Structure formats: structure tokens, C-alpha cells
Number of protein chains: 2
Amino acid sequence: MTNIRDLAREAHVSVTTVSRVLNDHPYVADDKRQAVQAAIQKLGYIRNQTAVHLSTGQTHTIGVMLPFVDHPYHAAILQGIARCAFEEGYRFLTWQTNYVESHEHTVLKALAQREVDGLIVVSHSLSVDEILQYEQYGPIVFCEYHPHASSVYINHYTAFQKGLKALQSLHHTKIGICLGRPDSTNSLARKQAYQDTVIDDARPEWIYEQALTIEDGAHVARCWLNQSHRPTAILTASDHVAAGIILELREQGYRVPEDLAVIGFDGSDLAVVLNLTTVAVPYETIGRHAFSIAISDSWQQHPQTEIPTTLKNGTTASILCTK
Amino acid sequence: MTNIRDLAREAHVSVTTVSRVLNDHPYVADDKRQAVQAAIQKLGYIRNQTAVHLSTGQTHTIGVMLPFVDHPYHAAILQGIARCAFEEGYRFLTWQTNYVESHEHTVLKALAQREVDGLIVVSHSLSVDEILQYEQYGPIVFCEYHPHASSVYINHYTAFQKGLKALQSLHHTKIGICLGRPDSTNSLARKQAYQDTVIDDARPEWIYEQALTIEDGAHVARCWLNQSHRPTAILTASDHVAAGIILELREQGYRVPEDLAVIGFDGSDLAVVLNLTTVAVPYETIGRHAFSIAISDSWQQHPQTEIPTTLKNGTTASILCTK
DNA sequence: CCTTGCCTTGAAACGCGTTCCATAGATTAA
DNA sequence: TTAATCTATGGAACGCGTTTCAAGGCAAGG
């Protein structure tokens, strides 16, 4: 493999001059520049990026920590990151943690070991404080709201409220909700929105937890069926769960929204297909913002960027049917 | 930032010994090993991976070239790669090319510049020969069948045949197909399967091209509606397209499968939701295999690994209804 | 007692590009 | 004319871990 010293010898210049040519530095005479370029051609030189990384102390790479890459939600954020990264000439490394804490530590160590210039944390199970201890090694941007960290987020409180209020304006008062991991930051905000919005009728048994997948949704539907007092509407935390509920209910001969109104969350392809009413979230935008904060200097001020959500109307939530 | 020379000074040993301790080399006396470890603790040393990469000439990183990260199909392959990479202590860099050739060149250059140890090409638009010119810089594994390259693939010919034969066994003879990018390797194989299987009734006007998304599927449905001679069944190249067809037809008051039988391709979440009959593809398995070939030496023999597909029965294809 | 082989250790070279600092001629401003 | 800039160029140090090579010590085999 030829290196810049070979080029210098070939072009009869110093390595410094070669480096200048490679980096388009202005102080190089035309004849020398051409000589170097000729040498590059002749020897088939290709820059060793690893050496550049070591020398400059930058990798031009951003790490992304997320639990799963194949969830539409996360993939859409990745998409935003990917777009932005490409435009800026950056790379991104993805780590799938499955919410395993030791895996999350691996990712954080990678930042400390200078494998990446910064980190975007899409979702995590370690405590924020634990993660922020690694901020001394580089920027860490969260895709969730955290008051003392750089974060790009949607307001899960108001987003959930949007769904709940929509149901209330359709005259639903008996409203249930589905949550994912019950203790996550997002779930807590959602639960709070539930308690604050469905003030008198919020019931613990109408909060269905651990609902993340289509199968979980089907399970929720079966739970609902077994309840003596049932809500007339359910707001879920993901379109997948909403889909699972709807499919299982149809399977059992129930109708949506007549027997149960359902609102999804995410605004995914599934919502399009099932014509779900859903709280649409611009995930790609979140990814873009997170990336640009990670590579700018602004992260040091721990900026908070809220991304708005919108309610997208489908056919799975309509006015309460009082049989 | 403390480095191994600082450690050596602190522990009163040579940098070689420090390096040996860091790499668990056996020939180090216990007392020296402990001295080094104490120094690491005291100085808060963290290994600089970039330096390791330069020194060893390996990055322990695999690059992944794909058009989009947010397609379930690609995300599932990524998932497989991510799992395997983690297990092996590897990282992976993802490049989203949007099928733009200049972007694909960027990715290939990254291999030449030793940013990654190898490359997994999920899908591409450059010619295989052009891509293989970069094989001198490291392993390149395709997730498509290419006779002169390392490839992990599903046999699109037999997979498509599986769908077509299923329709034939339901007494359909007027069968149409949807393809994605018409000149891709996969589409050519599919078209061939169509011509070979639906021998006498294959018609050019029943080959719907450029069908990739839900919207494209809706467009196909409208084309179908406008045709004077219509097929009674359509085999698509993705569940998304199948979903688009079905939704549009329902919208227009047609029934599936009574008016048109539809079979999807991929075995995605969409298929579950819509109870699609689909050709299921184990994408994650493809990712796993591709990864393990990329990091082993076997790639030099250009191994060919075929991954089997299965027909998954839903309700969108049933016996031909002769009204 | 000598040879062979294994354990331990360190100096120095290596991988390779970037950058600081010094040098020197060419301009330009004063 | 002199001082101050600017343009060009190169030597050498730097970032930092790995690896080769040489050498000294010691035990087992002959």
C-alpha cells in the first residue's frame, strides 16, 4: 500500500506538501500540486482514513444506540440520521441493545474509546445520569425529553392528550390506554396525561401495560373482552398494538369503532393500511435534528428541541355508539 | 488523555509490557501485570480504538450498503447483521444510497480507504463488475445471487414460482405480476419465472412494473381496473404493493380474493395485519449469513448460500371464483 | 556441564496522515 | 528603503497502540 511518503518521494516534494495537496490547502504551487497528483495517479494511492482519524482525533462518525433496528419507529429515526449524516459527510454506527444494560455500556465505552465523535441515544434502559457520565468524552443526544441533557423529543404528554381529547370530543368517557415499558420516561408522561385528562374516569385496570407488538395488542383485546367493566375506547402507544387489538376483535366478531374505538400512535404504514386514527410522529425529523445537534457545538448547552405531533384521522375512532 | 506511555512510566515497565497486559498476552509476570492494572485505574486510562485500528490495520467494522434503512425488508436484514456483529464484537456502518450510483461509489471508496474491513451489499444499482473491482480491498458480500461473487440470496425464480403455482393450483390461469425496478437482477428472475410457469397465458400488459410502495400498489389496482382484459390474480414482489392493491380495490368496492386474488411477498407485519397470503422470506437469516461470510476467510471462494422461502397462507388468494 | 527451549522484558520500528515551527523569497504598505 | 505580510516548502514531532527482534534468566533434557 502506498502512503504519502511514497508520494513525496515520487513527486520530489515533502510529505507536508503532499498532505497539503490532499487537503486542498492553498499554499501549494501549481507545478508541485500537479506533480503530486500525477504521483497519486501513477501509484494508485488511496488515503488511509484510519490514519486520518488518529491524526485528527476525529472519526467523523456518530454512534446510534437503539434497542431494535427493525421497528418502523426506530428505522424512521435512523432514516433521518442517515440522510443528514450523508449530507454532512459523516458515517453512523448502529448498536442494537435490546435494552440490555451491559450492551448499552458497550456503546458508551465506544464513545470513550473514541470510536465515534458523538452518540445519539434513541432509547435506553440505563439511567440518564449513568449515561451522562460519558458526556465528558463527547456529545450525547437523546431522542427523549431529559431536562439536563441535549434532547430532541416529542411531548408525549401533549401527544397523548391529543388522542385522549379527540376521544372525549367524540363523547367517550370510558377510555383505556396501552403503554409499553411501564417505567420508561415516555410511559410515565403518558400515564400522567391520562390521569390529568380523563380526570374522573381514569382507572388502573384500563391501563394495559407491556404492550409493544401486534401480539401484545391481541392480548390486550382478550383482556378487554374478559373485563366486566370495559372502556369504550382505547388509546395505544403504537400502531402495532392498535393493529393487534383491531385484528383480534374482528376475529372475535367485534367491530371497531362501534364496539371499541381505537387510536394508534406513530403514523406508520400500518395506520395507512388499516385506516387507523393515529397520532402521527415525524420520526425522521427527530433523527435529523438529533444528528445536527450531535455534530454542532450547541450540544454543550443541552438544547431542548420539541418536535410537534399531529392527529391523523382514520376510521377506527368515531362518535360513541350508545347501542 | 493518558496513553500507554504514561502507563508505562507510572507502572515502571515498558510500553510493550503495557500492551501485553491490555491484550491479555500470557508472558507477563504477575507483579508487573498488577502494577499496570493499578496504573490504568489510577490514571483512568481508556484505550484509543482508532490507534488500535491504525496499528492493526483492521477496524472490526463492516459496512452495509443499502438503498433505504426504513424498509421493513432491509431493516430485517440489518437486524440479522446487527445481531451477528454484536456477538462477534464487530461494528457496522450503514450507508443509505437511494440507489444513487455516486453514493454507492462513496461506499466502495470507504472500503478502499480502510474505513471498514468488509462490505455487505444489500441492494445496488451499479453493475456487479464495477463493484467487484473493489474486492481487492476486502470482502464484498451480496444479498442477491451473483455467480461470480460471494452471495447470500433467496432464489427469486423458485420463490416466485411458488406463488404462481399456488395460484395455478387454485385454478387461476389469468395471472399478473408486479415487479419493482424492472431491470434489477431479482426482477429479471421473477419475470423469467412468470414466463416459464404461466406458459401460455403470460402477457406483457399483466406485468406491472415500478411497483415498490403502498401507493404504487394502489396505482396498479387502478391500472387493473382500466384494463379490458384483466388477470384474476396478481402476484406482487412485496407485501406493501399487495396491501396497496387490496386497499384501493376495497375502496372502489371490489373484493379480494373474489374479484382479484392477491399474493404478497416478504412475510412482513403488513401480511399479518391484512392476513395476506405471502411468500415469506427469512431476511434476518440472510443478514446473519452475509455477516459471517464477510468476516471469515471463506469469501475468497465466492460462496453461494441459498436461503429457502416458504408460502404462508392467508385469505387473499382462494380458489378462482367463476361468477 | 552443555544445549535447547520457554518465560520475561524492553528498545525501537512501524502504521500513516497532520500540523507546528522555521526558513526564505516575494510583495506590499509605510 | 525598511518593516511587515504573504506565499511556499520542508523537517520533525505528534497522535498511540502493536509488533518485531534481541537478550537475559532459568529449568529440563542429554
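None of the values given here were measured: they were computed from a predicted structure.
- Regarding contacts with the backbone of D/dT18, a side-chain N or O of B/Arg47 is found under 4.0 angstrom from either OP1 or OP2.
- In summary, B/Glu284 and B/Arg288 engage in a salt bridge, as defined by a charged side-chain N under 4.0 Å from a carboxylate O.
- Here B/His103 and B/His124 keep their ring centres 6.0 angstrom or further from each other.
- Across the protein-nucleic acid pair, B/Leu54 atom CG and C/dC14 atom C1' stand 9 Å apart, rounded to whole Å.
- Contact annotation: A/Tyr27 does not reach the phosphate of D/dA8 (side-chain N/O to OP1 or OP2, under 4.0 Å).
- Because its NZ or CZ atom is both nearer than 6.0 Å to the ring centre of B/Tyr99 and within 45° of the ring axis, B/Arg181 counts as a cation-pi partner of that residue.
- Contacts of residues 13-20 of chain B with DNA chain D (heavy atom under 4.0 Å): B/Thr16, B/Ser19.
- Per the geometry, CD belonging to B/Gln58 stands 16 Å off P belonging to C/dG15, to the nearest Å.
- Between A/Asn23 and C/dT18, a side-chain N or O to OP1/OP2 separation shorter than 4.0 Å is present.
- Ring geometry for A/Tyr90 against A/Phe291 counts as perpendicular: the plane angle is over 60°, on a 0 to 90° scale with 30° as the lower cut.
- Between A/Phe142 and A/His146, the two ring planes are perpendicular [angle over 60°; tilted spans 30° to 60°].
- Of the listed nucleotides (D/dT9, D/dC16, D/dT18), D/dC16 has the atom at the smallest distance from the side chain of B/Met1.
- Side-chain contact of A/Ser19 with A/Thr16: a donor-acceptor pair under 3.5 Å is absent, judged by distance alone.
- Side-chain contact of A/Asp266 with A/Tyr283: a donor-acceptor pair under 3.5 Å is present, judged by distance alone.
- The phosphate of D/dG17 has OP1 or OP2 within less than 4.0 Å of a side-chain N or O from B/Tyr45.
- Closest contact between the side chain of B/Val52 and the listed nucleotides D/dG17, C/dT18, C/dC16 involves D/dG17.
- In this model, a side-chain donor or acceptor of A/Arg5 finds a partner on the base of C/dG17 within 3.5 Å.
- Taking atom CZ of residue A/Arg9 and atom P of nucleotide D/dG11, one finds them 13 Å apart after rounding to whole Å.
- Rounded to a whole Å, the CD atom of B/Gln113 is 11 Å from the P atom of C/dG17.
- Atom pair B/Ile4:CD1 and C/dA12:C1' shows a separation of 13 Å (rounding to whole Å applied).
- Atom NE2 of A/His12 is separated from atom C1' of D/dT9 by 16 Å (rounded to the nearest Å).
- Taking the nucleotide of DNA chain C with the nearest heavy atom to each of B/Ser55 and B/Lys32, the more 5' of the two is matched to B/Lys32.
- Atoms NE2 (A/His53) and C1' (D/dC14) sit 18 Å apart, rounded to a whole Å.
- Atom CG in A/Asp24 sits roughly 16 Å away from atom P in C/dG17 (whole-Å rounding).
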